[in-house]
There are 2 protein chains.
Amino acid sequence: MAKTPKIPDPTIERLALYSRPLEALIESGSPLILSEKLAELCGVSPAQVRKDLAYFGEFGVRGVGYDVRTLLKEIKHILGTDRQWALCIVGMGNLGSALVENENFRKRGYIFSAAFDSDPEKIGKEMPCGLTIEPVNRIKELVRDFHIRIGVITTPPLVAQQVANLLIDAGIRAILNFAPIRVRTTDRCTVENVDFSVKLENLAYHLGTL
Amino acid sequence: MAKTPKIPDPTIERLALYSRPLEALIESGSPLILSEKLAELCGVSPAQVRKDLAYFGEFGVRGVGYDVRTLLKEIKHILGTDRQWALCIVGMGNLGSALVENENFRKRGYIFSAAFDSDPEKIGKEMPCGLTIEPVNRIKELVRDFHIRIGVITTPPLVAQQVANLLIDAGIRAILNFAPIRVRTTDRCTVENVDFSVKLENLAYHLGTL
DNA sequence: CCTTACATGTGTATAAGTTCACAAGGCACC
DNA sequence: GGTGCCTTGTGAACTTATACACATGTAAGG
Ligand SMILES: NC(=O)c1ccc[n+]([C@@H]2O[C@H](COP(=O)([O-])OP(=O)(O)OC[C@H]3O[C@@H](n4cnc5c(N)ncnc54)[C@H](O)[C@@H]3O)[C@@H](O)[C@H]2O)c1
Ligand SMILES: NC(=O)c1ccc[n+]([C@@H]2O[C@H](COP(=O)([O-])OP(=O)(O)OC[C@H]3O[C@@H](n4cnc5c(N)ncnc54)[C@H](O)[C@@H]3O)[C@@H](O)[C@H]2O)c1
C-alpha cells in the first residue's frame, strides 16, 4: 500500500470524483489533461487537484500536464478500484433491486455476489441480473464463501441496525447504508451513510423561504 | 427568514442529521434531550451540537436540556421542512421509480408532482404512486403550473447535463442529481450531486489492500 | 430567598483544509 | 546546448471548522 503520511478525508472523496471525467477523456481519446481543465470539470480549484495528487506521488510532467491513462490508473490503484470487490446487499425492495441492476457498479469492479431479504415471498426469486435472493440466515455462510468485504443495507430503517450487526458478525468490514438512520459499528468496520433526504433538506435551506 | 450571519455549510447538513433521532424520540415519548445524548445518536461531539443550534437562537434551557418537540420544530423551520416542496423527476428508470414510491420523502414534505421521461414506451404510463409519466417537452409547463422548485435527475449520465439545462430553463432553482457526472449550473440554481460509487470507493480505500 | 447543581451558550484555542504564490523541472525550438 | 515557456509540485499564508473550558442562566430544594 502506498505510504500515507496523513491524507485528508476530502482528498479521497475528490480522487473518486476526478476519475469520472478521466474515464470519459479516455473514451474521447485525449491523451493529456491539465490540472486546470480537470479542476473545471470537477468544480474544484486547480491547486486543489495538484495538491490532492501530490499526496500520493508525482504523476504529472511539469510544463506538460498529466497523462490521462497513467493518472487514471494511479487513482484507481490508490482507491482500490483496480481490484474487484465482492458486495452483498440486504433488503431487496425498490432501491435494492435498482442497485443490483445498475451497470456502473460492475464497471468499477463492484460485484454484487449475494442478495438477502427476510420476506419469504422474495426468497428464492431470481432477479434479472441473475442473482437469487437468499434468506438472511445464510449471510455468514455466503460472506465467507464469496470473500465478501463490503455490505450494502437497503432495508427499512427500523431493522437497519440489526442487519448491520449481522453483517459485522459475518466479518464484513465496510457498510454502505441507505436507511435514514445512523448505524453504529465497531472500529473494525467502516460505515458510509447515504441519506437522500439530508441532501434535499440542504437544497431546501438554500432556497430559503422563496 | 431567520437572520443568518454566516452559517458553516456542515452545520446545515448536521441539522438535517439531528432531526432524524428527534423524530424517533417524539414517537417514543421522551420530552427532553441533552446535547450529549443527541450528539451520541448522531456521532458528533456535544459541543458541536450546541454550537450548531446556537447559530440560530437559544432553543434549550440551561441546566435542563432541549425540549424535543420544540427543537424539532425549530430545526424544521430553519431547513424549510415545515413547508411542502413540490418536486419533479426526470428519468423514470429503476432508480427514478424507486424514489417516487418512497414514503420518506412525502413524510418530510417533499412531494413528487411530476415525472418525466423521453422513452415513448414509458410516457403515459401510470405508476403505483398515482403519477403519470410525462414527456420532457412538458417540463416547462408543469413546473410552472405546480410551482415546482426542486428537480431530481435520474437519467443516464450522458444526457444529465442536457436535462439539467431543461430544468434550469424551466425555472427550477435546485437540482438533486443522481447521475455520476457533475452537472454545471448558473448561480441561480443550486446542485447537490449524489454519487454512490464515490461512497463505495471511499470504503474500498479505507479497506486498503486487505 | 439564597444556595447548589447542572446543562446550555459562547469566546478562545486548536486543528484541518484550501488557496496563494513561486520555485523546480521538463519540453521544444532555435 | 542554451533559452524561454509552460505547468507541475509545494511551503507558507489564510480561511474555515471543530474542540475546549468556563461563564451564564435556570430550576429545584432547603
Ligand atoms: N426507495 C428509495 O428511493 C429510497 C430513497 C432513500 C432512502 N431509502 C431507504 O432505503 C431503504 C429501502 O427502501 P425501499 O424503497 O427499497 O424499501 P422497500 O420497502 O421497497 O424495501 C425494503 C426491503 O427490505 C426487506 N426487509 C425488511 N426487513 C428486513 C430484514 N430484517 N432483513 C432483511 N430484509 C428486510 C423487505 O422485505 C423489503 O424487500 C429504506 O430504509 C428507505 O428509507 C429508499
Ligand atoms: N440504479 C441505481 O441504483 C443507480 C445507482 C447510482 C447511480 N445511478 C444513476 O442514476 C441514473 C439512472 O439509473 P437507472 O438505474 O434508473 O437507469 P435506467 O436506465 O433504469 O433509467 C434511465 C431512464 O432515463 C430515461 N431517459 C434517457 N434519456 C432521457 C432523456 N434525455 N430525458 C428524459 N429521460 C431520459 C430512460 O428512458 C430511462 O427510463 C443513471 O445515471 C445511473 O448511473 C443509478
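Worth saying up front: this structure is predicted, and the values here are computed from it rather than measured. Here is how names work: the chains are called A, B, and so on, in the same order as the sequence lines, proteins then strands, and each is numbered from 1.
- Within a 6.0 Å sphere centred on CD of Q161(A), other residues, nucleotides and ligands contribute more than 12 heavy atoms.
- Between Y66(A) and dG26(C), a side-chain N or O to OP1/OP2 separation shorter than 4.0 Å is absent.
- Counting to the nearest Å, the C1' atom of dG25(C) and the CD atom of E58(A) are 9 Å from each other.
- As a whole-Å value, the separation of F56(B) CZ from dT8(C) P is 18 Å.
- L38(B) has its CG atom 15 Å from the P atom of dA7(C), to the nearest Å.
- Protein atom CZ of F59(A) is 18 Å distant from nucleotide atom C1' of dG26(C), rounded to whole Å.
- Phosphate proximity of dA19(D) to R50(B): absent, as no side-chain N or O sits under 4.0 Å from OP1 or OP2.
- No side-chain donor from either of E192(B) and N177(B) sits under 3.5 Å from a side-chain acceptor of the other.
- As a whole-Å value, the separation of Y55(A) OH from dG9(D) C1' is 12 Å.
- Atom CZ of R14(A) and atom C1' of dA16(C) are 12 Å apart (whole Å).
- Of the listed nucleotides (dA7(C), dT8(D), dA17(D)), dA7(C) has the atom at the smallest distance from the side chain of L34(B).
- The phosphate of dT8(D) has OP1 or OP2 within less than 4.0 Å of a side-chain N or O from S35(A).
- For the pair G63(A) and D52(A), nearest-nucleotide mapping onto DNA chain C gives the more 5' position to D52(A).
- Between Q48(B) and dA19(D), a side-chain N or O to OP1/OP2 separation shorter than 4.0 Å is present.
- Once rounded to the nearest 0.5 Å, the distance linking CZ of R108(B) with OG of S19(B) reads 6.0 Å.
- Considering only side-chain atoms of A47(A), the nucleotide from dT18(D), dA19(D), dC20(C) that sits closest is dC20(C).
- Look at CG on D9(B): it is 11 Å from C1' on dT16(D), rounded to the nearest Å.
- Side chain K6(A) to base dG17(C): no donor-acceptor pair is found below 3.5 Å.
- Put simply, S45(A) has no side-chain N or O that comes within less than 4.0 Å of OP1 or OP2 on dT18(C).
- Counting to the nearest Å, the P atom of dC27(C) and the CG atom of L32(A) are 11 Å from each other.
- A side-chain donor-acceptor contact under 3.5 Å links T11(A) and D52(A).
- Judged by atom type and distance alone, R62(B) reaches the base of dT24(D) through a side-chain donor-acceptor pair under 3.5 Å.
- The CZ atom of R20(B) sits 8.0 Å away from the CG atom of N104(B) when rounded to the nearest 0.5 Å.
- Distances from the side chain of A54(A) to the nucleotides dT10(C), dT10(D), dT8(C) place dT10(D) closest.
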